[in-house]
Amino acid sequence: MAEITLNHVYKKYEGGVTAVQDFTLEIPDKEFVIFVGPSGCGKSTTLRMIAGLESISEGELLIDGERMNEVESCNRNIAMVFQSYALYPHMTVFENIAYSMKLKKVPKKEIKERVHEVAQILKIEEILDRKPGQLSGGQKQRVAMGRAIVRHPKVFLMDEPLSNLDAKLRTQMRIEIMRLYKELQTTFIYVTHDQTEAMTLGTRIVVMKDGIIQQVDTPQRLYDFPANRFVAGFIGSPQMNFISGICRVKKTGVFLETADCEVQITDGRKERLRNEGYDGKQVTMGVRPEHVKVWSPEESEVSDLVLQSQVSVYEMLGAEAYLYFTYEGQQVSARVKADTKIRKEDKVFFGFDTKDMILFDFETEEAIY
Ligand code: ADP
């Protein structure tokens, strides 16, 4: 059992940096939570405060309902795997994994059994006699995890554990981590700056920016219903396109106007736009590349919004193609079928349907649903 609660947690470093602000989150037992966000947004600091490697400036950390703020790291029953692996270079893999048990004076026989059990789970039985210098990146990563698992911790904390591995190995290790999670049935908290890693691993994702939580949600909901423009742009690759428009509330309905066209909003958002004083105000329209439709001037219109541009980049990826163009100073990308006849420099129409569009307040950048 390990339920983690953070109540209004702050980290203020000496010299005035507030690395984490008002972080409030409940992590139920056995959940796999990801902290994701750009470099410097406070992910590691939060993880280190949970681990007890960093003091908490304000707020409270509870594990299974017990206040942990003053509890030493070694008494929190938490294991942490670092990006750097932090293995002891002069010790063998066996000794590295056994080290914490040796310190606790666990009987030799039991140490041996537990190391072998962990080695079996991680498939590293063959390399127990080697030293870290003789291991590949992936093997070092497994040993680092072995060292954490062997202690039977209540919580696993992982800080960018795969960022030193090449892309192929990273994908492989992601699958390994999921397998491990299912097998160990423990709470996992995993830090990464890579949104793909976050989307594929987490059951719940905490998106952070400038020390502040932006949204906590499942991968699918983050993608479909981002809370604000930052989350919308951060989750998804290529990133969501943003086009600005002016809201016009008329007797005949609520419209969004761009340099090229006007489109009517007929769903529930029209009430918000009408009632919350958006008339005459700038709003941002967000649309994912897979929802952008592109067609040549000879073809007829295929979407609610109809804009014009010229293709600046054509990228063929085999199963699909990407088209990039600029509209009113903003880069736009479209994911289209591989058999498209459209190429670089072609003049095109493009657009999207209002049902696929997410609206954002231009000033607050909050989504309008
Ligand atoms: P992330 O893990 O998201 O990359 P960090 O948690 O490492 O971000 O850092 C958050 C912010 O706190 C950054 O602005 C960083 O420069 C600052 N920071 C981290 N450690 C210290 C420290 N020991 N002293 C002062 N500032 C720090």
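Every heavy atom of this structure was used, including side-chain atoms; hydrogens, water molecules and symmetry mates were not. Note that ligands are numbered from 1 as they come in the structure, with each ligand's atoms numbered from 1 the same way.
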Looking at atom 9 (O) of ligand 1, what's its closest protein heavy atom, distance included?
T45 OG1, 3.7 Å
Does the pair Y181 and Y190 meet the rule for a ring-ring contact (aromatic ring centres under 6.0 Å, His included), with working shown?
CA-CA 11 Å; Y181 166 62; Y190 187 106; over 10 Å; no
Do K209's NZ or CZ and the ring of F230 fall within the cation-pi criteria of under 6.0 Å and 45°?
yes
Any nitrogen or oxygen of S44 lying under 3.5 Å from a nitrogen or oxygen in ligand 1? Just yes or no.
yes
If we only count heavy atoms from C-beta on, is the I4 to I189 side-chain gap below 4.5 Å?
yes
Do any non-hydrogen protein atoms sit less than 4.0 Å from atom 3 (O) of ligand 1?
yes
Quick check against the 3.5 Å criterion: does R147 have a side-chain atom that pairs as donor or acceptor with the backbone of Y99?
no
Would atom 13 (C) of ligand 1 count as contacted, meaning some protein heavy atom under 4.0 Å?
yes
Would you say ligand 1 has an N or O under 3.5 Å from any N or O of V17?
no
Do L128 and H116 have side-chain heavy atoms sitting under 4.5 Å apart?
yes
Heavy-atom contacts with C41 under 4.0 Å: which atoms of ligand 1 show up? List them by number with element.
1 (P), 3 (O), 8 (O)
The atoms of ligand 1 lying under 4.0 Å from a heavy atom of A19, numbered in the order shown, are 10 (C), 11 (C), 12 (O)
For atom 18 (N) of ligand 1, grab the closest protein heavy atom and report residue, atom and distance to one decimal in Å.
Y13 CE1, 3.3 Å
Is there a salt bridge (charged side-chain N to carboxylate O under 4.0 Å, His left out) between K168 and D166? Walk through the geometry before answering.
CA-CA 6 Å; K168 196 170 158 214; D166 63 49; over 6 Å; no
Name all residues meeting the side chain to side chain contact (heavy atoms under 4.5 Å, CB included) criterion together with T252; count only those two or more places apart in sequence or in a different chain, and write none if there are none.
K250, F255
At less than 4.0 angstrom from any non-hydrogen atom of G40, what atoms of ligand 1 do you find?
1 (P), 3 (O), 4 (O), 8 (O), 10 (C), 11 (C), 13 (C), 14 (O)
